[in-house]
Novice: 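Quick one: this structure, given as structure tokens, is what I'll be asking you about.
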Amino acid sequence: DALFTEGRFAEAYPLYSQLVSLAPSDRDLNYKLGATTLYGGDDKEKAIGHLKYACESPSTPALGWYFLGRSYHLAYRFKEALAAYEHYRGTADKKVLAQYPVDALEQQCRNGQQLLGNLKEITVHNKVEVAAAEFFRFYDLGSIGGKIVVTPEELRTSLDKKSGPPSFCLLYTSDAADD
């Protein structure tokens with residue numbers, strides 16, 4: 001418990017793993033094992049099971065909801081992560097919220113939802129080994145409305161010019177939607 005309180009979760013993980021194997025129905029131990037699994041365990045999905053079980057009890061600290069949200073977040077289950085973060089925000093006191101803030105994490109989840117909602121299927125037509133300076137010529141990005149081009153000289157900063165080879169940028173074309 002001292003390791004857990006000090007935030008030394010990776011060190012506490014094997015100890016809580018043993019304790020939960022001896023008392024699998026103890027919700028407090030499951031809460032602490034789930035939290036330490038995020039930092040010291042190799043199976044982040046396992047953390048969800050322990051934390052979900054622990055959070056069924058109203059006596060579980062509000063921080064349990066933070067760790068549950070974090071485990072969902074790391075598993076790309078953004079909707080569930082947002083719900084857990086919201087519950088944490090509603091039950092944690094100001095001191096805990098200041099120590100474990102969730103504003104940025106919630107924004108990351110919303111961004112993740114948006115990104116996963118717009119996935120495109122990528123197909124490799126053929127593999128070709130080319131010089132690094134010529135790679136962009138081999139990408140066909142017309143289906144997403146753009147192409148990779150060498151950054152025009154007038155758009156390169158002085159730092160870009162000092163760094164050596166030309167940089168590349170993605171150019172979106174308005175006529176790609178008509179294709």
Side-chain angles (χ1 to χ4, degrees), residues 1 3-17 20 27-124 135-136 139 141 143-148 151 155 157 159-160 163 167-173 176-177:
D1 286 342
L3 292 172
F4 188 89
T5 303
E6 293 172 13
R8 295 166 53 189
F9 300 121
E11 294 175 63
Y13 168 71
L15 303 171
Y16 283 116
S17 184
V20 167
R27 292 188 194 271
D28 186 57
L29 289 176
N30 274 279
Y31 151 64
K32 291 177 178 174
L33 175 60
T36 59
T37 300
L38 288 174
Y39 299 95
D42 52 354
D43 183 6
K44 305 303 184 211
E45 285 283 336
K46 184 174 143 185
I48 293 172
H50 292 289
L51 288 163
K52 196 171 173 184
Y53 175 72
C55 288
E56 289 173 356
S57 169
S59 65
T60 300
L63 201 51
W65 287 95
Y66 170 86
F67 290 122
L68 179 59
R70 196 73 187 111
S71 61
Y72 281 137
H73 189 159
L74 294 173
Y76 300 98
R77 293 166 62 177
F78 300 121
K79 183 177 180 181
E80 292 157 299
L82 285 167
Y85 288 147
E86 186 176 324
H87 191 280
Y88 162 70
R89 183 189 297 277
T91 57
D93 62 34
K94 290 181 182 188
K95 183 180 176 184
V96 174
L97 282 168
Q99 189 176 4
Y100 292 92
V102 292
D103 293 333
L105 297 174
E106 289 173 324
Q107 185 59 47
Q108 289 172 7
C109 287
R110 287 188 286 276
N111 291 346
Q113 285 178 313
Q114 186 178 8
L115 288 171
L116 290 180
N118 296 318
L119 289 179
K120 295 279 186 180
E121 185 67 33
I122 297 175
T123 317
V124 176
F135 83 95
F136 68 96
Y139 281 87
L141 303 176
S143 65
I144 63 168
K147 59 184 174 179
I148 299 175
T151 304
L155 296 180
T157 66
L159 182 61
D160 290 335
S163 67
S167 57
F168 303 94
C169 63
L170 180 59
L171 175 67
Y172 285 99
T173 57

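Computation of the quantities below employed the complete heavy-atom set of this structure, encompassing side-chain atoms and omitting hydrogens, waters and symmetry-equivalent molecules. Remember, predicted model here, so these are calculated numbers, not experimental data.
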Novice: Give, for atom CZ of Arg110 and atom CG of Leu115, the distance between the pair rounded to the nearest 0.5 Å.
Specialist: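 Reported value, rounded in 0.5 Å steps: 13.5 Å.
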
Novice: If you measure from NE2 on His50 to CG on Leu68, what distance do you get to the nearest 0.5 Å?
Specialist: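 Answer for the NE2-CG pair, His50 versus Leu68, is 12.5 Å.
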
Novice: Any chance you could measure Phe78, atom CZ, to Asn111, atom CG, to the nearest 0.5 Å?
Specialist: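 The CG atom of Asn111 is 9.0 Å from CZ of Phe78, to the nearest 0.5 Å.
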
Novice: Search all heavy atoms of Ser71 against all heavy atoms of Ala47 and return the closest pair with its distance.
Specialist: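 Of all heavy-atom pairs spanning Ser71 and Ala47, the closest is CB-CB, 4.1 Å.
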
Novice: What's the separation between atom CG in Leu51 and atom CG in Leu38, rounded to the nearest 0.5 Å?
Specialist: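 Spacing of CG (Leu51) from CG (Leu38) equals 6.5 Å.
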
Novice: What's the spacing between Thr37 OG1 and Glu45 CD if we round to 0.5 Å?
Specialist: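 The OG1 atom of Thr37 sits 12.0 Å away from the CD atom of Glu45.
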
Novice: So which heavy atom on Ala35 is nearest to which on Phe67, and how close?
Specialist: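 Minimum heavy-atom contact is CB-CD1, 3.5 Å.
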
Novice: Are there more than 12 heavy atoms of other residues, nucleotides or ligands under 6.0 Å from atom CD of Gln114?
Specialist: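 No, CD of Gln114 has 12 or fewer neighbouring heavy atoms, counting only those of other groups under 6.0 Å.
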
Novice: Give me the atom names and distance for the closest heavy-atom approach of Ala84 to Tyr72.
Specialist: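 So the minimum-distance heavy-atom pair works out to CB-CD1, 4.5 Å.
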
Novice: Looking at Glu86, I'd like to know if its CD atom is crowded, meaning that more than 12 non-hydrogen atoms belonging to other residues, nucleotides or ligands lie closer than 6.0 Å.
Specialist: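 Not more than 12 within 6.0 Å, no.
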
Novice: How many angstroms lie between atom CG of Leu33 and atom CG of Asp28, to the nearest 0.5 angstrom?
Specialist: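 Reported to 0.5 Å precision, the distance equals 11.5 Å.
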
Novice: Taking only residues at least two apart or on different chains, which pairs with a member in residues 55-70 satisfy salt bridge (charged side-chain N to carboxylate O under 4.0 Å, His left out)?
Specialist: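 Listed once each, the pairs are Arg27-Glu56.
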
Novice: Between Tyr31 and Leu63, what is the shortest heavy-atom contact and its length?
Specialist: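 Result for this residue pair: OH-CB, 3.7 Å.
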
Novice: Please say whether the positively charged group of Lys32, taken as NZ for Lys or CZ for Arg, lies over the ring of Tyr16, i.e. under 6.0 angstrom from the six-membered ring centre and within 45 degrees of the axis.
Specialist: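 No cation-pi geometry.
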
Novice: If I compare all heavy atoms of His73 with all of Tyr85, which pair ends up nearest, and what's the gap?
Specialist: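 Minimum heavy-atom separation between His73 and Tyr85: ND1-OH, 3.0 Å.
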
Novice: State, with a plain yes or no, whether a side-chain heavy atom of Val20 is found less than 4.5 Å away from one of Asn30.
Specialist: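 With C-beta onward as the side chain, the pair touches.
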
Novice: Around Lys44, counting heavy atoms of other residues, nucleotides and ligands shown, do more than 12 lie under 6.0 Å from its NZ?
Specialist: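 Yes, the 6.0 Å shell around NZ holds more than 12 heavy atoms from other groups.
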
Novice: Can you give the donor-acceptor pairs under 3.5 Å from side chains of residues 95-103 to other protein atoms, not counting sequence neighbours?
Specialist:
| residue | atom | partner | partner atom | Å |
| --- | --- | --- | --- | --- |
| Asp103 | OD1 | Arg89 | NH1 | 3.1 |
| Asp103 | OD1 | Arg89 | NH2 | 2.7 |

Novice: Which residues pass the ring-ring contact (aromatic ring centres under 6.0 Å, His included) test with Tyr39, not counting sequence neighbours?
Specialist: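 Counting only residues at least two positions away or on another chain, Tyr39 forms a ring-ring contact (aromatic ring centres under 6.0 Å, His included) with Phe9.
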
Novice: So Ile48 and Glu80, do their side chains get closer than 4.5 Å, heavy atoms only?
Specialist: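 No - every pair of side-chain heavy atoms lies 4.5 Å or more apart.
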
Novice: Taking Thr91 for its side chain and His87 for its backbone only, find out whether a donor-acceptor pair lies under 3.5 Å.
Specialist: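 Yes; judged by distance alone, with no hydrogens or angles, the pair exists.
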
Novice: Using a 3.5 Å distance criterion without hydrogens, assess whether the side chain of Thr60 forms a donor-acceptor pair with backbone atoms of Ala54.
Specialist: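 Indeed, once roles are kept as given, a pair shorter than 3.5 Å links the two residues.
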
